[in-house]
**Q** 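The structure is given below, and queries will be raised subsequently.
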4 protein chains.
Amino acid sequence: MVDYRIDRRSGIPAYVQIVRQTERALRMGVLRVGDRLPTAREVVAATAINPNTVFRAYRDLEQAGLVRSRRGLGTFVTRSLARPGAEDDSPLRADLADWVARARSAGLERDDVLALVAVALDAYETHGRERHEHEPHAQDPGDPGRRQEDDA
Amino acid sequence: MVDYRIDRRSGIPAYVQIVRQTERALRMGVLRVGDRLPTAREVVAATAINPNTVFRAYRDLEQAGLVRSRRGLGTFVTRSLARPGAEDDSPLRADLADWVARARSAGLERDDVLALVAVALDAYETHGRERHEHEPHAQDPGDPGRRQEDDA
Amino acid sequence: MVDYRIDRRSGIPAYVQIVRQTERALRMGVLRVGDRLPTAREVVAATAINPNTVFRAYRDLEQAGLVRSRRGLGTFVTRSLARPGAEDDSPLRADLADWVARARSAGLERDDVLALVAVALDAYETHGRERHEHEPHAQDPGDPGRRQEDDA
Amino acid sequence: MVDYRIDRRSGIPAYVQIVRQTERALRMGVLRVGDRLPTAREVVAATAINPNTVFRAYRDLEQAGLVRSRRGLGTFVTRSLARPGAEDDSPLRADLADWVARARSAGLERDDVLALVAVALDAYETHGRERHEHEPHAQDPGDPGRRQEDDA
DNA sequence: GTGGTCTAGACCACA
DNA sequence: GTGGTCTAGACCACA
């Protein structure tokens, strides 16, 4: 079950926060095709935001083709964003956990970490790709896709 | 020089994007005490947003004590957010660059990476801290600070 | 300028009525790329529906790629649905006007006419296509496309 | 036998779709006085909607005086909306079929045709009536009746 | 009970 | 001034 956390001081619209947290849950495999999202009432109880706002977020997700709302039944996941390589037990995740622990232990705050990651991603997308790649793979090197606003 | 990039589709207010990008530049040491922020005119030229929106962002930064506007001269950084350990040539950054390259090469998109990092941070803050810490340090483990909404 | 007419007894949600009337105006060339839709306030003044409802309709149109809302400026047409053959002075339109006049003069109400047209369209899509076609043309015969609920 | 088609993406309540399709069948003479409407069970099997929704539609039709539900027997048509001039073999219908074929062959989509017809009806009701009428008839020109929302 | 529409109204973002 | 978010609350549609 996803549990949404709304940060009212963040300046990010609550409905955007719900959309993004849902997408993240889809990417991480926390939500799978067929799963039911929490009902508007449940989200309201958990987050103290208005049902209309939840509804707005779910509608956006529906238009993105990720979920389907069925009146009287609930809202269900229709498409996964899960990626192989992002599983719970993958070496990538274990190594990341180690790195995060080192970074935090070295005195970096959460936001420092996020800033570093954003910069590292930018660097990779701009010029790092070639430096690191020793064998070609299926990635489209020209189109980084619709970037989520991670830090802006 | 910071160059702001405004993503109009992100749903995040433009002025919030400017504030966050500025904070990130401060954290990364891209902006240092005494540096001048781009003028509203420059930002307008680069981003096609209204100067009032830039002023609004700079006002917020000033209230946060990070910059100081001096009439007729410009807006100047008054406080750094740079962290030791986040320097350009730090091992942390090199290791992160490697990890990012592996993740991207494994087929993960930018957003997948950001989701993984957010989850790793959450895990660290919740229960990973003890597991990974072998020697105590000065961080107050109870106060992660005013968290930037990274993923919401 | 489009002027929306909301029929509150029709059972069709007001926002759907606005969306459809806008699409119709685009099809008929009444609205063209670059044109500004009436502001929410103007629609409210003309129709006595709530600004939020107008907003909802315009957002749907935006997500359909037909218009673009710009804060502080208004909402603008970005894509035309105009079809050659549907111009004001086309023979098709003149002949239709004659037919409508005959039908109405024969005692058929507006709804009778609409029912007849719907049936004629169904018949054409099902089996009439071949009967009437003497020479092939570019139409895709298999996919009638996303049918607008005309009569349901 | 009417067979209802529910378009869930249309935004029009399912029960309204049933009511309208029934009315259309009555207008076209597809349903006649004494005919039995499909049972809720049959509609459910064909459309996957809830029986309560069918009942709701039939209740509306009954209140409009068009049908009568007889417990245990079914729901029967009690009033026709058929119009002379709309028969299967009428010249009006043949001419309309030809016009529709021309329009579709010219590249107009179903929705284009519906938009054209709606506009032609509007034009006729507004000012075309006089232009086209050469002999008076029994229609009350002032009362177009309860217009069905065709396009809204 | 669950989703969906609509309203009135406050307040914010942007030009 | 124009669009956009959010709330509270009424009421409807559907299962």
Side-chain angles (χ1 to χ4, degrees), chain A residues 6 8 11-18 36-44 47-60 62 67-76, chain B residues 6 8 11-19 40 44 47-57 59-60, chain C residues 6 8 11-18 36-44 47-60 62 67-76, chain D residues 6 8 11-19 40 44 47-57 59-60:
Chain A
I6 304 304
R8 307 187 104 82
I12 302 182
Y15 83 91
V16 174
Q17 296 188 39
I18 292 181
R36 199 173 94 151
L37 297 189
T39 67
R41 281 158 180 78
E42 286 167 347
V43 177
V44 166
T47 63
I49 64 177
N50 190 284
N52 287 332
T53 302
V54 182
F55 180 70
R56 161 75 195 265
Y58 283 10
R59 184 147 41 78
D60 279 16
E62 183 159 20
V67 308
R68 175 79 189 284
S69 288
R70 303 180 60 186
R71 225 188 270 245
L73 295 176
T75 301
F76 300 87
Chain B
I6 304 304
R8 307 186 103 87
I12 302 181
Y15 82 93
V16 174
Q17 296 188 39
I18 293 180
V19 167
V44 167
T47 63
I49 64 179
N50 191 285
N52 290 331
T53 303
V54 184
F55 292 138
R56 163 70 198 269
R59 179 156 49 84
D60 280 17
Chain C
I6 304 305
R8 307 186 103 81
I12 302 182
Y15 82 91
V16 174
Q17 296 187 38
I18 292 181
R36 199 173 96 152
L37 296 190
T39 67
R41 281 160 180 75
E42 286 166 348
V43 177
V44 165
T47 63
I49 64 176
N50 189 283
N52 288 330
T53 302
V54 182
F55 179 71
R56 161 75 196 265
Y58 282 11
R59 184 148 41 80
D60 279 16
E62 183 159 21
V67 308
R68 174 80 190 282
S69 287
R70 301 180 61 186
R71 224 189 271 243
L73 295 175
T75 301
F76 300 87
Chain D
I6 304 304
R8 306 187 103 86
I12 302 181
Y15 83 93
V16 174
Q17 296 188 38
I18 293 180
V19 167
V44 167
T47 63
I49 64 178
N50 191 286
N52 290 331
T53 304
V54 183
F55 292 137
R56 163 69 197 269
R59 180 156 49 85
D60 279 18

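Order of the sequence lines fixes the chain letters, A, B, ..., with proteins taken first and strands second; residue numbering starts at 1 for each chain.
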**Q** Under 4.0 Å from OP1 or OP2 of F:dT5: is there any side-chain N or O of A:Arg56 that close?
**A**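 The answer is yes; a side-chain N or O of A:Arg56 sits under 4.0 Å from OP1 or OP2.
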
**Q** Can you tell me how far CZ of C:Arg71 sits from CZ of B:Arg8, rounded to the nearest 0.5 angstrom?
**A**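 Between B:Arg8 CZ and C:Arg71 CZ, I get 10.0 Å after rounding to 0.5 Å.
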
**Q** Think A:Arg8 has a side-chain N or O under 4.0 angstrom from the OP1 or OP2 of F:dT7?
**A**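 Affirmative; the distance criterion is met.
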
**Q** So which heavy atom on D:Val19 is nearest to which on D:Ala57, and how close?
**A**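 Taking D:Val19 first and D:Ala57 second, the nearest heavy atoms are CG2-O, 3.7 Å.
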
**Q** About how many Å separate CZ of C:Arg56 and CZ of A:Arg56, when rounded to the nearest 0.5 Å?
**A**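 If I round to the nearest 0.5 Å, the distance is 9.5 Å.
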
**Q** Where is the tightest heavy-atom contact between D:Val16 and C:Gly11, given as atom of each residue plus distance?
**A**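 Closest pair (atom of D:Val16, atom of C:Gly11, distance): CG2-O, 4.1 Å.
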
**Q** With rounding to the nearest 0.5 angstrom, report the OG1 to CZ distance, A:Thr75 to A:Phe55.
**A**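 These two atoms lie 8.5 Å from each other.
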
**Q** Between C:Val44 and C:Asn50, what is the shortest heavy-atom contact and its length?
**A**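 Scanning both residues, the minimum pair turns out to be CG2-C, 4.0 Å.
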
**Q** Applying a 4.0 Å non-hydrogen cut-off, can you work out what C:Tyr58 is touching in the nucleic acid: base, sugar-phosphate, or nothing?
**A**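 Counting heavy atoms under 4.0 Å across all strands, no contact is made by C:Tyr58.
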
**Q** Which whole-number value in Å describes the distance from D:Gln17 CD to F:dA13 P?
**A**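 Result: 13 Å.
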
**Q** Nearest-Å distance, CZ (C:Arg68) to P (E:dA15)?
**A**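 Distance check: C:Arg68 CZ to E:dA15 P gives 11 Å.
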
**Q** Return the value, rounded to whole Å, for the distance between atom CG of C:Asn50 and atom P of F:dT5.
**A**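 Taking CG of C:Asn50 and P of F:dT5, I get 15 Å after rounding.
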
**Q** Verify, without hydrogens or angle tests, whether C:Arg59 (side chain) and C:Ser69 (backbone) share a donor-acceptor contact under 3.5 angstrom.
**A**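 Between the backbone of C:Ser69 and the side chain of C:Arg59 there is no qualifying donor-acceptor contact (under 3.5 Å).
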
**Q** Looking at CD1 of D:Ile18 and CG of D:Asp60, how far apart are the two atoms once the value is rounded to the nearest 0.5 Å?
**A**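 Here the rounded value is 10.5 Å.
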
**Q** Atom CZ of C:Phe55 to atom C1' of F:dT7: distance rounded to whole Å?
**A**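 Roughly 15 Å, once rounded to whole Å.
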
**Q** Taking CZ from B:Arg59 and P from E:dC14, how many angstroms apart are they, rounded to a whole number?
**A**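 After rounding, the gap between these two atoms is 12 Å.
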
**Q** Here's a test of your reading of the structure: between B:Ala14 and C:Ala14, which maps to the more 5' nucleotide of DNA chain E?
**A**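 In this pair, the answer is C:Ala14.
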
**Q** Could you state the interatomic distance from CD1 (D:Ile6) to OG1 (D:Thr47), rounded to the nearest 0.5 Å?
**A**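 The OG1 atom of D:Thr47 is 5.5 Å from CD1 of D:Ile6, to the nearest 0.5 Å.
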
**Q** Just need the stems in DNA chain F: three or more back-to-back Watson-Crick or G-U pairs, each with both distances under 3.5 angstrom, sorted by first number.
**A**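 Stems found: E:1-14 with F:1-14.
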
**Q** Where along residues 69-76 of chain A does a heavy atom come under 4.0 Å from DNA chain E, residue by residue in number order?
**A**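 Listed by number, they are A:Ser69, A:Arg70, A:Arg71, A:Gly72, A:Gly74, A:Thr75.
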
**Q** For A:Asn52 and F:dA8, give me the distance from atom CG to atom P, rounded to whole Å.
**A**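 From A:Asn52 CG to F:dA8 P: 10 Å.
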
**Q** Is there a side-chain contact between C:Tyr15 and the phosphate of E:dT5, meaning an N or O under 4.0 Å from OP1 or OP2?
**A**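 So the side chain of C:Tyr15 is within the cut-off, an N or O lying under 4.0 Å from OP1 or OP2 of E:dT5.
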
**Q** Please tell me which of C:Thr39 and A:Ala48 maps to the more 5' nucleotide of DNA chain F, matching each residue to the nucleotide holding its nearest heavy atom.
**A**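 In this pair, the answer is C:Thr39.
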
**Q** Rounded off to whole Å, could you give me the CZ-to-P distance for the A:Arg41 and F:dT7 pair?
**A**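 In whole Å, F:dT7 P and A:Arg41 CZ are 16 Å from each other.
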
**Q** Within this structure, what is the CG-CZ distance for the pair A:Leu73 and A:Arg68, rounded to the nearest 0.5 Å?
**A**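 Rounded to the nearest 0.5 Å, the CG-CZ separation comes out at 10.0 Å.
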
**Q** Within less than 4.0 Å of OP1 or OP2 of F:dT5, is there a side-chain N or O belonging to A:Thr53?
**A**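 For A:Thr53, the contact criterion (side-chain N or O under 4.0 Å from OP1 or OP2 of F:dT5) is not met.
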
**Q** Please report the distance, rounded to the nearest Å, between CD1 in D:Ile12 and C1' in F:dC12.
**A**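 To the nearest whole Å, that distance equals 16 Å.
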
